[in-house]
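Proteins come first, then strands; the chains are lettered A, B, ... in the order of their sequence lines, and each starts at number 1.
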Protein chains: 2
Amino acid sequence: MGQNIKLDKIDRKILEILQSNAKITNAQLSKEIGLSPAPTLERVKKLEVSGIIKSYHAKLDTDKIGLGVSTFVYATLKGHNRGNIDVFLEEINKIDEVIECHHVTGSGDFVLKVIAADISAYQKLMLEKVSDISVVDNLQSMVILSTFKDSKVMPLSSTE
Amino acid sequence: MGQNIKLDKIDRKILEILQSNAKITNAQLSKEIGLSPAPTLERVKKLEVSGIIKSYHAKLDTDKIGLGVSTFVYATLKGHNRGNIDVFLEEINKIDEVIECHHVTGSGDFVLKVIAADISAYQKLMLEKVSDISVVDNLQSMVILSTFKDSKVMPLSSTE
DNA sequence: GTTTTTACGAAATAATATTCGGCATACTAG
DNA sequence: CTAGTATGCCGAATATTATTTCGTAAAAAC
């Protein structure tokens, strides 16, 4: 499963460019891929309609907006049954500061990415909202000290 | 440290909207925040110039482009001195499949996010490129089974 | 209370996206 | 081999959108 959409070299180049700079004009994009604006736009539209391009997002500087603390949290549930997982996900979805939630292998549990203003806000958040979820057994936090790479560009070359 | 830029309610709303939909037209954005197009654009430009908005990115459907495996990797180095860290970062930066690299608390090591076409490609990548870095001591992979939340919207409300 | 600054809106202009018809190439069926 | 059909492209016309300009009003400073 997955895809059955064939992407040629030009499509891949478009995807690469739009991942690193979504604000490029169609005219400029067309120059960079070596086509005229019309077929360029047609290709982009096709990529959007097919769902290969899901959405477009602005990336913010978290420090500048007063969000100084980012963490990964490894969460273990009390039981790994469907019911507990559903309860957990429902609660997690309500918490804006939890911006990612992935079900991972290991002990069949979750990795969260959490963002807060500072350590004290983070502590408060975890204590009052996350620890408080009934099905949560254990939480292990890793505070991000610095981020050296945060690329929004998927390795398309590896699928050629 | 961090910021000294004052954001009012309108700025925050702009940031919220652009994070979830960067392709909105200025006219539409101005409607949603209740201003006319001119001052809306002026505010967006200010947010861009000040670096609060860092960049704009297209988000792709990894499954549809044939990238079926995403993982978190917890990497431990042989020594935590500056030299070893520099070596590690330099090598990591060369690997396109490693799309994130964060220095985290814990044992003072790194969390990577890695993307590959399938498990066998992933294994090959880790064996031939990541494990191979001289200063790497231990690698622990967590394969992402499914992602329940992957919000690109930072919790701005928590800084109000 | 006056000056200065800042923020806003409306309308004109400029830039850009989008549509349209036509042409070339490649593929298909007879 | 050939007529037919589909696909992908280009260039130009059109429509949409961004951007600038300028005048006004509110807020802040003095």
Expressed as a whole number of angstroms, how long is the span from B:L35:CG to C:dG9:P?
5 Å
Which whole-number value in Å describes the distance from A:K31 NZ to C:dA17 P?
11 Å
How many whole angstroms separate atom CG of B:L29 from atom P of C:dC8?
13 Å
Side-chain donor-acceptor pair under 3.5 Å between A:Y74 and A:S141, yes or no?
no
Side chains of A:L60 and B:K54: closer than 4.5 Å at any heavy-atom pair?
no
Ring centres of B:F88 and B:F110 under 6.0 Å apart?
yes
May I ask you to say what A:S36 touches in the nucleic acid, namely base, sugar-phosphate or nothing, with a heavy-atom cut-off under 4.0 Å?
base
Between C1' on C:dA7 and NZ on B:K45, what's the gap in Å once rounded to a whole number?
18 Å
Just checking B:A38: base, sugar-phosphate only, or nothing, at a heavy-atom cut-off of under 4.0 Å?
base
Picking from D:dA18, D:dC9, C:dC8, the nucleotide nearest the side-chain atoms of A:E42 would be D:dC9
Just how far, in rounded Å, is C1' of C:dC8 from CD1 of B:I33?
11 Å
Residues B:K13, B:D8: salt bridge by 4.0 Å N-O rule
no
By nearest atom, which of the nucleotides D:dC10, C:dA17, C:dC8 is closest to the A:A27 side chain?
C:dA17
Interatomic distance where NZ belongs to B:K23 and P belongs to D:dT16 [whole Å]:
18 Å
Could you work out which one of C:dT18, D:dC9, D:dT19 sits closest to the side chain of A:N26?
C:dT18
Rounded to whole Å, the NZ-P distance (A:K9 to D:dC9) equals 16 Å
Atom CZ of A:R43 to atom C1' of C:dT18: distance rounded to whole Å?
18 Å
Closest to the A:T25 side chain: D:dT20, C:dT18, C:dT16?
C:dT16
Regarding B:D150 and B:K152, does a basic nitrogen lie under 4.0 Å from an acidic carboxylate oxygen?
yes
A:L41 has a side chain; which of D:dC10, D:dT19, C:dT19 sits nearest to it?
C:dT19
